[in-house]
Amino acid sequence: MSKVVGIDLGTTNSLVAYMEDGQPQVIPGLSGTSAVPSIVSFDPDGSPDQVVVGEAAKKHLISGSDRTIYSVKRLMGKGIEEVQADLKYLPFQLSGKAQEIIRVHVGEKHYTPPEISAIILSELKQRAEAHLKAPVEQAVITVPAYFNDSQRQATKDAGKIAGLEVLRIVNEPTAASLAYGLQKKKEGRIVVYDLGGGTFDVSILKIRKGIFEVLATNGDTHLGGDDIDQCLMLFLLREIQQQHGRNLMDHPEALQELRLLSEKVKRQLSSEDSAAISLTLAEQKIDYHREITREEFEGLIHNLVERTLTPCRQALEDANLKPEEIDEVILVGGSTRIPLIKNKVSDLFKQTPHSELNPDDVVALGAAIQADILAGSITDMLLLDVTPLSLGMETMGGVVNRFIPRNTTIPTSAKEAFTTFEDGQQSVSIHVVQGERELVKDCRSLAQFNLCGIDPLPAGMPRIEVIFLIDANGILNVSAKDLRSGKAQSIEVKPTYGLSDEETEKMISSSIEHAREDMEERMLIESRNEADTVLRHAAKGLRHGTTLLDPAERKLIEQSMSDLKKAIEGSDHSLIREKLSSLDGATQKLAELLMDQSVQVALKDKKLSDS
């Protein structure tokens, strides 16, 4: 009988877990270790027939660095322009055109990040099948809460390539709260601080009667244990250059050796006060030895740790909570073993965080519980996740009409009715955007499509219904329908590239920083749009009501229209609103006369039809 498993597809390590006798268990490999290093190594010509994964691949990091791929999670759903800062540290070759998926070159072959991730997933699948003695065809896979649509879709694609039906993409912090059994609490607020190998996430969850609801989520898609390793590595590189006059940046094998050494020292300093560093490179004639204290190390990484606290404070603000209102804090990710991180988190949230479970296993254990929920074995629990960034569409003048605000619980949907702006218009463009700013130019474009075949009616007459639907995996589907003609069009948002790291980190803070000027510009655009519509209707009314007005009344309307046109040319939305009000007052009698005229015509037509 086929089994459902939970998978933590990590930047540094990946794990697979399942439920046994009501308890989640991580599945070990033949060597007894539970974690599979997220590393894939090919033979020199890049043939997939000779690929090795995990610990076996790790052995090739130095001798075969150009064909050994690691930290592929950081490349998922991204374009080459978004990883430029990382290229000098990667020994393997990447390529790709702007706004297209990255390609990893190995010998004569090239692979996409989902294809490489699929190799890791296949290894986990085989491990699970060997342990459970049953086929494994379905899985729940976890991702950082801050993964955008393209990164989530890339993860689903990787599962499909590996022969797995991905039942759900679950946010890693949400899975962690399940692993700690916090669903047994009747009610409470939980913070999950998740510092993985390549990403940082913080989520604030509310538990009530077995229902998990994510109140807020935030993070940094380019901050993790890898960056801590790199910080120490760069320090050692500078010191080696000062002592030996050699720059190792141009020596990939030496660089890899130094990176692995930095990771080892980081782990040692998490439990000891000092660590010995010894590096001998015969080819470069380098013999480097020194001792580094925990205090020195913490001084080096202090800024990185502080960077994790900013998203924590923002999440608290988004959830409208104070630190003392948090009931539990969970630490997830191997780097949370670092004492400085534990201390900083304790200081911020004013309590000692949970760290009883192995922080490397927590996410996989939670994924196994979620898999059991979806398999129907657990019925007294429900997970409700959120979308991390607002979603909307472009309206007249480049203004964003927000459909789904960030931190909205998913799955969710929203719909709104729109109309045409010009007479006889037969198509509308649906431009889907993501972000927190008021104007389209300051947000991220997700997708665009046209709804054609609209009946050519006067402006304002057609009714176009637009629906945004986000499924449980955070994948967005947008549809548009002309309610009169029945013509419809839809699109599943699957961009081939994701947010740049800078965009992800700055998107929310930028919306706060520019809130006043954004709102001023939005109000100006909306005032101009409304004024254009009113002027068009006023001109039409004057044409039809020429004989109904005396010259003074007509002159007052024309003057009011002229004043409004001049106001539109300026940038004072308050003045436009003032002139709109004046024109409304000037045309009030005309509107009444036209209405009376229409009623009389209708009554006359009715009498004729009756006779």
Side-chain angles (χ1 to χ4, degrees), residues 10-14 35-42 52-75 83-94 104 106 113 116 120 195-200 222-244 246-270 275-284 286-292 296-298 300-301 303-305 333-335 337-338 360 501:
T11 306
T12 308
N13 293 297
S14 296
V36 173
S38 301
I39 304 171
V40 176
S41 185
F42 297 86
V52 289
V53 185
E55 288 294 343
K58 199 170 185 178
K59 297 173 183 177
H60 296 281
L61 278 172
I62 296 172
S63 60
S65 58
D66 61 331
R67 51 187 170 86
T68 303
I69 318 303
Y70 60 91
S71 294
V72 71
K73 185 172 178 177
R74 281 189 158 182
L75 308 178
V83 296
Q84 288 299 313
D86 294 324
L87 291 180
K88 60 184 176 182
Y89 301 115
L90 297 176
F92 44 86
Q93 185 184 351
L94 302 179
V104 182
V106 186
I116 293 171
I120 300 168
L195 186 60
T199 56
F200 170 69
H222 207 279
L223 177 61
D226 287 357
D227 298 280
I228 293 173
D229 299 343
Q230 191 177 100
C231 183
L232 179 57
M233 181 186 77
L234 292 174
F235 168 76
L236 298 178
L237 276 171
R238 288 192 297 270
E239 199 164 86
I240 289 170
Q241 188 167 9
Q242 289 168 3
Q243 291 182 15
H244 297 273
R246 300 297 300 271
N247 183 0
L248 296 179
M249 286 298 293
D250 298 326
H251 299 274
E253 291 185 4
L255 204 62
Q256 280 287 30
E257 195 163 337
L258 196 56
R259 189 181 73 83
L260 293 172
L261 178 61
S262 299
E263 182 185 355
K264 179 183 176 183
V265 168
K266 174 190 72 175
R267 293 174 182 271
Q268 191 173 343
L269 290 174
S270 294
I277 298 174
S278 182
L279 182 69
T280 301
L281 301 171
E283 189 177 332
Q284 285 80 28
I286 289 173
D287 195 21
Y288 172 75
H289 305 277
R290 64 114 70 204
E291 187 168 305
I292 186 168
E296 270 186 289
F297 174 65
E298 290 181 346
L300 288 172
I301 68 168
N303 288 341
L304 290 175
V305 176
S335 292
R337 291 188 177 95
I338 296 172
D360 293 315
D501 300 318

A.B. asks: Using the side-chain contact (heavy atoms from CB on, under 4.5 Å) criterion, which residues pair with Asp229? Sequence neighbours excluded.
C.D. replies: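 Expected list: Asp226, Glu263, Lys266.
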A.B. asks: Show your working on side chain to side chain contact (heavy atoms under 4.5 Å, CB included) between Asn13 and Val36 and close with a plain yes or no.
C.D. replies: CA-CA 5 Å; Asn13 293 297; Val36 173; over 6 Å; no
A.B. asks: Mind listing the closest non-hydrogen atom pair of Leu261 and Ser278 along with its distance?
C.D. replies: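 Closest pair (atom of Leu261, atom of Ser278, distance): CD2-O, 3.9 Å.
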A.B. asks: Spell out, as yes or no, whether a donor-acceptor pair under 3.5 Å connects the side chain of Ser38 to the backbone of Gly10.
C.D. replies: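 Yes; at least one donor-acceptor contact below 3.5 Å.
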A.B. asks: In terms of side-chain heavy atoms, does Ser71 have a donor or acceptor partner in Thr11 at a distance below 3.5 Å?
C.D. replies: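 Short answer, no.
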A.B. asks: Between the side chains of His60 and Thr68, does any donor sit under 3.5 Å from an acceptor?
C.D. replies: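 The answer is no; no qualifying pair exists.
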A.B. asks: Any side-chain heavy atom of Asn303 sitting closer than 4.5 Å to one from Val305?
C.D. replies: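 They are not in side-chain contact.
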A.B. asks: Restricting to side chain to side chain donor-acceptor pair (under 3.5 Å), what partner residues turn up for Thr280, sequence neighbours left out?
C.D. replies: Asp287
A.B. asks: If every non-hydrogen atom of Leu269 is compared with every non-hydrogen atom of Ala275, which pair is closest and at what distance?
C.D. replies: CD2-N, 3.7 Å
A.B. asks: Which distance, rounded to the nearest 0.5 Å, do you find between the CG of Leu255 and the CD of Glu257?
C.D. replies: 10.5 Å
A.B. asks: Less than 4.5 Å apart, any side-chain heavy atom of Ile277 and any of Val265?
C.D. replies: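 Side chain of Ile277 against side chain of Val265, heavy atoms only: contact under 4.5 Å found.
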A.B. asks: For the residue pair Asp66 and Pro91, establish whether any side-chain heavy-atom pair is separated by less than 4.5 Å.
C.D. replies: no
A.B. asks: Would you say that Lys58 contacts Tyr70 through its side chain, given a criterion of any heavy-atom pair below 4.5 Å between the two side chains?
C.D. replies: no
A.B. asks: For the residue pair Arg74 and Gly197, what are the closest heavy atoms and their distance?
C.D. replies: NH2-O, 4.3 Å
A.B. asks: Taking the side chain as everything from C-beta on, heavy atoms only, tell me whether Ile292 gets closer than 4.5 Å to Leu232.
C.D. replies: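 Ile292 reaches Leu232 side chain to side chain.
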A.B. asks: Just how far is it from atom CD of Glu296 to atom CD1 of Ile301, taken to the nearest 0.5 Å?
C.D. replies: 12.5 Å
A.B. asks: With side-chain contact (heavy atoms from CB on, under 4.5 Å) as the test, pick out the partner of Ile39 among Val53, Val72, Leu61.
C.D. replies: Leu61
A.B. asks: Would you call Phe297 and Gln268 a side-chain contact if the rule is heavy atoms closer than 4.5 Å?
C.D. replies: no
A.B. asks: Just wondering, do Phe42 and Val40 contact through their side chains at under 4.5 Å, heavy atoms?
C.D. replies: yes
A.B. asks: I'd like to know whether Ile240 forms a side chain to side chain contact (heavy atoms under 4.5 Å, CB included) with Asn247, so could you lay out the CA-CA distance, the side-chain angles of the two residues, the decisive distance to 0.1 Å, and finally the verdict.
C.D. replies: CA-CA 8 Å; Ile240 289 170; Asn247 183 0; over 6 Å; no
A.B. asks: Using every non-hydrogen atom in the two residues, find where Cys231 and Leu300 come nearest and quote the distance to one decimal.
C.D. replies: SG-O, 3.3 Å
A.B. asks: When you compare the side chain of Leu90 with that of Ile69, does any pair of heavy atoms fall below 4.5 Å?
C.D. replies: no
A.B. asks: Would you please say whether a donor-acceptor pair under 3.5 Å links the side chains of Arg238 and Gln241?
C.D. replies: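 No, no side-chain donor-acceptor contact under 3.5 Å.
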A.B. asks: If you measure from OG on Ser65 to CD on Gln256, what distance do you get to the nearest 0.5 Å?
C.D. replies: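 Output value for this atom pair is 6.0 Å.
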A.B. asks: Applying side chain to side chain contact (heavy atoms under 4.5 Å, CB included) to Val106 and Phe92, what does each step give before you reach the verdict?
C.D. replies: CA-CA 8 Å; Val106 186; Phe92 44 86; over 6 Å; no
A.B. asks: Under the side chain to side chain contact (heavy atoms under 4.5 Å, CB included) rule, what do Gln230 and Ser262 come out as? Steps first, then yes or no, please.
C.D. replies: CA-CA 8 Å; Gln230 191 177 100; Ser262 299; over 6 Å; no
A.B. asks: Can you sort out the partners of Gln93 under side-chain contact (heavy atoms from CB on, under 4.5 Å), two or more places apart, ordered by chain and number?
C.D. replies: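 Partners of Gln93 under the side-chain contact (heavy atoms from CB on, under 4.5 Å) test: His105.
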A.B. asks: Drop me the distance from Arg259's CZ to Lys264's NZ, to the nearest 0.5 angstrom.
C.D. replies: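 Interatomic distance, Arg259 CZ to Lys264 NZ, rounded to 0.5 Å: 15.0 Å.
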A.B. asks: Could you pull out the closest heavy-atom pair between Gly224 and Leu195, with the gap in Å?
C.D. replies: CA-CD1, 3.8 Å
